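Scroll down for the structure; my scribbles are underneath it.
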Amino acid sequence: MKQAKKIFSKYFYLIVLAIFVMTTTITIAYIIQKDNCLYTVEFVDELDTKALEKQTIKFCGFNTDNEFTLFSIEIDKTDDIYRHVFDLYNFKQNSLPVNCIIPSASLMLVDNMKVSGDMIVVTITMDDVASNEYERIFNAMKVTYSCLGIKTLKIIHGEKVYIY
């Protein structure tokens, strides 16, 4: 009896550890098996391919050497192309290629955008920043819009009118 008690006390912690490990393993296996499906799969008969159609445009941005460069950008055909281009220079900069840089951290809010023939007039509100920075961005916009058939870009900011 004493010998059995010694063996039991000698291996007590090992037995408790083995029981804990087995219980934990069984619990984890049960949870994994129970929550096996994280997403509901739905089947469709047909896909709306119009929403998936893309068009490629030439986009003028700045490369890593801060030089004007034309990039090929894919955008949805359903988007208003002129507004989308303006937004790419603004708050959609993260959808541009990695090596395409737009040197502005401020936002330009569009109050009005009107396209008539080969001219586009954009009325904006923007933060007061260095005008040289916006001059470069507006020149890049002019190149991008000219690739889309726009010959004149007119940007109105308060009392200032920029014509490119």
Side-chain angles (χ1 to χ4, degrees), residues 24-25 27-164:
T24 305
T25 305
T27 304
I28 290 173
Y30 176 74
I31 290 172
I32 290 174
Q33 186 178 19
K34 180 180 169 191
D35 294 334
N36 195 6
C37 184
L38 298 176
Y39 302 101
T40 304
V41 178
E42 296 180 13
F43 297 97
V44 294
D45 292 334
E46 58 186 60
L47 214 60
D48 182 17
T49 56
K50 227 177 211 185
L52 302 175
E53 290 180 13
K54 303 271 185 190
Q55 63 183 0
T56 303
I57 64 168
K58 293 292 183 188
F59 181 84
C60 183
F62 302 95
N63 62 14
T64 53
D65 295 328
N66 206 18
E67 298 170 337
F68 286 106
T69 306
L70 282 177
F71 297 90
S72 292
I73 306 287
E74 279 191 353
I75 64 170
D76 294 336
K77 278 193 173 182
T78 58
D79 286 345
D80 174 11
I81 192 166
Y82 303 111
R83 180 63 184 251
H84 191 82
V85 165
F86 192 88
D87 291 343
L88 285 172
Y89 285 100
N90 204 9
F91 60 89
K92 289 188 178 180
Q93 293 178 15
N94 60 344
S95 62
L96 295 171
V98 176
N99 56 345
C100 180
I101 300 166
I102 303 299
S104 173
S106 358
L107 289 178
M108 298 177 281
L109 303 174
V110 177
D111 294 331
N112 188 14
M113 180 178 278
K114 183 179 175 184
V115 180
S116 57
D118 60 354
M119 181 175 164
I120 186 167
V121 179
V122 183
T123 307
I124 61 170
T125 307
M126 63 182 172
D127 298 333
D128 289 327
V129 294
S131 61
N132 184 32
E133 180 180 294
Y134 279 110
E135 288 287 328
R136 289 177 49 91
I137 292 172
F138 295 156
N139 280 317
M141 272 187 207
K142 168 60 177 139
V143 172
T144 302
Y145 282 125
S146 67
C147 292
L148 298 172
I150 299 293
K151 292 183 181 171
T152 307
L153 171 63
K154 184 176 180 181
I155 298 176
I156 302 169
H157 173 244
E159 299 295 319
K160 296 179 183 177
V161 177
Y162 303 92
I163 298 177
Y164 298 93

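Note that the structure is predicted; figures quoted are calculated from it, not measured.
Considering every non-hydrogen atom in both Asp76 and Gln55, the closest pair reads O-NE2, 4.4 Å. The two residues Cys100 and Gly61 come nearest to each other via the heavy atoms SG-CA, 4.0 Å. Closest of all the heavy-atom pairs between Leu88 and Gln93 is O-CG, 3.4 Å. The shortest heavy-atom contact between Ile102 and Phe62 is CA-CD1, 4.4 Å.
Cys60 has its side chain out of reach of Asn139: every pair of non-hydrogen atoms, C-beta onward, lies at least 4.5 Å apart. The closest side-chain heavy-atom distance from Phe86 to Val122 is below 4.5 Å. In this structure the side chain of Asn66 never reaches within 4.5 angstrom of the side chain of Ile101, judged on heavy atoms. Side-chain atoms of His84 and Asp80, non-hydrogen and from C-beta on, never get closer than 4.5 Å to each other.
Separation of atoms OH (Tyr162) and CD1 (Ile124) is listed at 7.5 Å; rounding is to 0.5 Å. Note that the CG atom of Asp111 and the OG1 atom of Thr123 stand 6.5 Å from one another [nearest 0.5 Å]. If you take CD1 on Ile156 and CD1 on Ile163, they are separated by 8.5 Å, rounding to the nearest 0.5 Å. To the nearest 0.5 Å, the span separating CE on Met119 from CD1 on Ile150 amounts to 10.0 Å. Interatomic distance, Ile120 CD1 to Tyr82 OH, rounded to the nearest 0.5 Å: 7.0 Å. Going from atom CZ of Phe71 over to atom OG1 of Thr56 covers 15.0 Å, rounded to the nearest 0.5 Å.
For the 3.5 Å distance criterion, the side chains of Lys58 and Ser72 qualify, holding a donor opposite an acceptor.
For an aromatic pair to be called close, the ring centres must be under 6.0 Å apart, and Phe59 with Tyr89 satisfies this.
Within a 6.0 Å sphere centred on NZ of Lys92, other residues, nucleotides and ligands contribute more than 12 heavy atoms.
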Applying side chain to side chain donor-acceptor pair (under 3.5 Å), run through Lys151 and Ser146 and close with a yes or a no. CA-CA 6 Å; Lys151 292 183 181 171; Ser146 67; over 6 Å; no

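Listed for the Asn63 side chain is a donor-acceptor partner under 3.5 Å among the backbone atoms of Asp65. With hydrogens and angles ignored, the 3.5 Å screen pairs a side-chain donor or acceptor of Thr69 with a backbone N or O of Glu67. Of the possible polar contacts, none joining the Thr64 side chain to the Asn99 backbone as a donor-acceptor pair under 3.5 Å is found.
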